[in-house]
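Some notes on the structure that comes next.
Computation of the quantities below employed the complete heavy-atom set of this structure, encompassing side-chain atoms and omitting hydrogens, waters and symmetry-equivalent molecules.
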Amino acid sequence: MTGGAGFIGSHVSERFLEDGWHVEIIDNLSTGKRENVPAAATFHQMDIRSADAARVVQEGAFDTLVHLAAQMDVRRSVADPINDASINITGTLNLVEAVRRAGAQKCRVIFSSTGGALYGDFTTPPNKEDYAKDPESPYAISKLSAEYYLAFYGRVHGMTTMALRFGNVYGPRQDPHGEAGVVAIFCGRILEGRALTVFGDGQQTRDYVFVGDVANSVFLAATKPVPKAGRLDARGVNIGTGVGTSVLTLAHVLLRASGTTVEIEHAPARPGEMMHSVLDVTRAAEVLGWSPAMTIEHGLSETFDWFAARAGQRAAHR
């Protein structure tokens with residue numbers, strides 16, 4: 001597994017370990033944390049673009065490669081698209097080529113793509129997998145490019161692949177980067193008694209999906225039969241809730257979970273920000289037998305409790 005020291009990756013690692021799998025993690029700790037790596041997993045600190053990472057994948061005789069490592073900051077991708085492509089495209093190819101050299105049909109590849117950014121602004125949500133894709137950021141372009149490569153490897157080399165197009169993932173261990181980072185930011189501000197900043201009117205909606213549900217979708221993608229290789233969307237599956245939650249609703253639910261009150265301040269709308277992004281997740285049920293189990297209210301409450309416990313631990317050590 002790549003990116004296993006990160007927010008999503010650490011939960012995915014735990015899900016596989018719970019089912020008795022042997023898990024090896026590749027992570028360069030550029031954004032992940034060593035403390036997130038489960039004790040039962042084997043850890044390799046290395047970059048996914050490196051020859052060392054390719055060697056681990058090629059020589060590991062693995063049943064499945066879960067590829068979660070990525071440059072996932074949209075604003076950073078706009079500022080430095082070359083670095084974004086280096087990690088998200090070249091890094092992915094480095095690993096997939098290692099799988100091919102080891103025997104393309106021996107190791108399944110599960111790729112973390114983006115449902116929140118892949119389809120762009122020219123669709124009417126909820127977005128289905130076969131909708132036209134016209135991404136607005138280098139980050140989303142790199143994820144789409146990687147999906148095209150995986151479709152190629154499936155058709156030409158017989159590789160078993162699956163691209164999971166995640167919505168806005170939130171939950172315990174989340175960092176403030178990326179679209180769903182607003183949950184972590186709001187939790188931190190509430191705990192500090194600071195105002196919550198909402199851009200524009202706060203009616204922007206996103207498909208927020210709990211990290212535990214996402215981890216289960218990855219496990220199912222690794223263990224269920226996958227569709228026949230074909231065009232791009234043949235093995236692409238949206239992972240979300242099918243429900244859009246506005247930023248203002250998010251703020252109010254978190255405030256209720258906290259049992260406290262802080263002000264909500266409005267700032268000017270950010271240029272180019274999508275107003276609505278929601279995923280149709282019908283295909284996830286059909287292909288994987290997966291559906292989200294966590295409601296937004298319970299998921300945000302559990303997430304806030306985790307941040308509150310961590311803040312209490314920090315305070316106790318001062």
### Task
For residues Asp52 and His44, determine if any side-chain heavy atom of one lies less than 4.5 Å from a side-chain heavy atom of the other.
no
### Message
Using side-chain heavy atoms (C-beta onward) and a distance below 4.5 Å, is Phe43 in contact with Leu29?
### Response
yes
### Query
Quick one: CZ on Phe219 to OG1 on Thr64, what's the gap to the nearest 0.5 Å?
9.5 Å
### Message
Is it true that, when you exclude Tyr149 itself, more than 12 heavy atoms of the residues, nucleotides or ligands shown sit nearer than 6.0 Å to its OH?
### Response
no
### Message
Are Val78 and Leu118 connected into the same hydrophobic cluster when the rule is that any two of I, L, V, M, F, W, Y join if their side-chain heavy atoms are below 4.5 Å apart?
### Response
no
### Message
Distance check, rounded to the nearest 0.5 Å: Arg206 atom CZ versus His276 atom NE2?
### Response
9.0 Å
### Query
For Asn238 and Tyr119, does a side-chain donor sit closer than 3.5 Å to a side-chain acceptor?
yes
### Query
Can you find a heavy atom in the side chain of Ile296 that is under 4.5 Å from one in the side chain of Thr249?
no
### Task
Starting at CD1 of Ile190, measure out to CZ of Phe307 and round the result to the nearest 0.5 Å.
11.0 Å
### Query
With sequence neighbours excluded, what pairs up with Pro126 under the side chain to side chain contact (heavy atoms under 4.5 Å, CB included) test?
Val278, Asp280
#### Entry: More than 12 heavy atoms from other groups under 6.0 Å of CZ on Arg155
yes
### Query
Can you check whether Asn216 reaches Arg15 side chain to side chain, under 4.5 Å on heavy atoms?
yes
### Query
In the single-linkage hydrophobic clustering (I, L, V, M, F, W, Y; side-chain heavy atoms under 4.5 Å), do Val237 and Phe111 co-cluster?
no
## Note on the structure
Contacts of Glu59 meeting side chain to side chain contact (heavy atoms under 4.5 Å, CB included) (sequence neighbours excluded), chain-then-number -> Arg55
### Task
Taking salt bridge (charged side-chain N to carboxylate O under 4.0 Å, His left out) as the test, write out the residues that go with Arg194, two or more places apart.
Glu192
### Query
Any side-chain heavy-atom pair from Val214 and Ile8 closer than 4.5 angstrom?
yes
### Distance in Å, Thr205 OG1 paired with Leu250 CG, rounded so as to fall on 0.5 Å steps
11.5 Å
### Message
Could you check whether Asp47 pairs with Arg49 (Lys NZ or Arg NE/NH1/NH2 to Asp/Glu carboxylate O, under 4.0 Å)?
### Response
yes
### Query
Got more than 12 heavy atoms from elsewhere within 6.0 Å of NE2, His298?
no
### Pairwise side-chain contact, Val218 with Phe16, heavy-atom cut-off 4.5 Å (strictly under)
yes
#### Entry: Single-linkage hydrophobic cluster Tyr153~Met162, side-chain heavy atoms < 4.5 angstrom
no
### Message
I'd like to know if the side chain of Ser113 reaches the main chain of Leu164, judged simply by a donor and an acceptor atom lying under 3.5 Å from each other, with no hydrogens or angles considered.
### Response
no
### Task
State plainly whether the residues Arg283 and Glu286 are in salt-bridge range, i.e. N to O under 4.0 Å.
no
### Hydrophobic cluster identity match, Val243 and Val211, side-chain contacts under 4.5 Å
no
### Query
So, Glu302 versus Tyr170: side-chain donor-acceptor pair below 3.5 Å or not?
no
### Query
Hey, are Asn36 and Ser10 close enough side-chain-wise for a donor-acceptor pair under 3.5 Å?
no
### Message
Working to the nearest 0.5 angstrom, can you tell me the gap between Thr241 OG1 and Asp207 CG?
### Response
3.5 Å
### Query
In this structure, are over 12 heavy atoms from other groups packed under 6.0 Å from Glu263 atom CD?
no
### Message
Between Trp290 and Val281 (side chain of the first, backbone of the second, donor and acceptor by atom type, cut-off under 3.5 Å), is there such a pair?
### Response
no
### Query
Looking only at side chains, do Gln71 and Asp84 share a donor and an acceptor under 3.5 Å apart?
yes
### Message
With a 4.5 Å cut-off on side-chain heavy atoms, are Val96 and Met159 touching?
### Response
yes
### Query
CD/Glu147 to CG/Leu232 distance, rounded to the nearest 0.5 angstrom?
5.5 Å
### Message
Side-chain heavy atoms nearer than 4.5 Å, only ILVMFWY residues, links allowed to pass through others: does that put Val37 and Ile26 together?
### Response
no
### Task
Output yes when Asp233 and Lys133 qualify as a salt bridge under the 4.0 Å nitrogen-oxygen rule, no when they do not.
yes
### Query
Between Arg310 and Glu35, is the closest basic N to carboxylate O distance under 4.0 Å?
no
### Asn94, Val109, Leu95 screened by side-chain contact (heavy atoms from CB on, under 4.5 Å) with Val57, the one that passes
Leu95
### Query
Less than 4.5 Å apart, any side-chain heavy atom of Thr31 and any of Asp73?
no
### Query
Between Phe152 and His157, does the ring centre distance come in under 6.0 Å?
yes
